[in-house]
Amino acid sequence: MGFKSSLVRYEDTVTEDELLKKVEELNADADIDGIIVQLPLPKHIDPEKVTERIDYRKDVDGFHRLTWGECSVICRRLFPLRLMALR
């Protein structure tokens, strides 16, 4: 048992379009189970746009809004609401 990983590295001059196209390519690749985007991104790239483009089923970091939605449902089942209110 193990896993295969690969690193895709770009210079700070990468365009937002180039990065988004790579995310789409990784989303479409059935051999890819998870995607991590190293933040912070260069100032000219919108990090929310990039993290939202990742297929939520492949979002290892859990930044996608659908991942947060699933987490909130699961967390409410695991922790009584009163305990959550104490946070």
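Nothing here was measured: the structure is a model prediction, and the numbers come from that model. As a basis for the values below, the full set of heavy atoms in this structure was taken, side chains included, without hydrogen atoms, waters or symmetry mates.
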If hydrophobic clusters are built from ILVMFWY residues whose side chains come within less than 4.5 Å, do [X] and [Y] share one?
X     : Y     : result
Val14 : Ile36 : no
Ile45 : Leu39 : yes
Phe63 : Val8  : yes

When rounded to the nearest 0.5 angstrom, what is the spacing between CD1 in Ile35 and CG in Asp29?
9.0 Å

Side-chain donor/acceptor of [X] to backbone N/O of [Y], under 3.5 Å:
X     : Y     : result
Asp59 : Gly34 : no
Lys58 : Asn27 : yes
Asp46 : Glu48 : yes
Glu52 : Lys49 : no

Verdict with supporting geometry, Ile54 and Val37, side-chain contact (heavy atoms from CB on, under 4.5 Å)
CA-CA 9 Å; Ile54 297 171; Val37 174; 3.5 Å; yes

4.5 Å side-chain heavy-atom contact, Leu20 and Val50:
yes

For residues His44 and Glu16, determine if any side-chain heavy atom of one lies less than 4.5 Å from a side-chain heavy atom of the other.
no

Shortest non-hydrogen contact between Gln38 and Leu41, atoms and distance:
O-CD2, 3.6 Å

Of all heavy-atom pairs linking Leu26 and Ile32, the shortest is O-CB, 3.8 Å

Are Glu25 and Lys22 ion-paired here, with the side-chain N under 4.0 Å from a carboxylate O?
yes

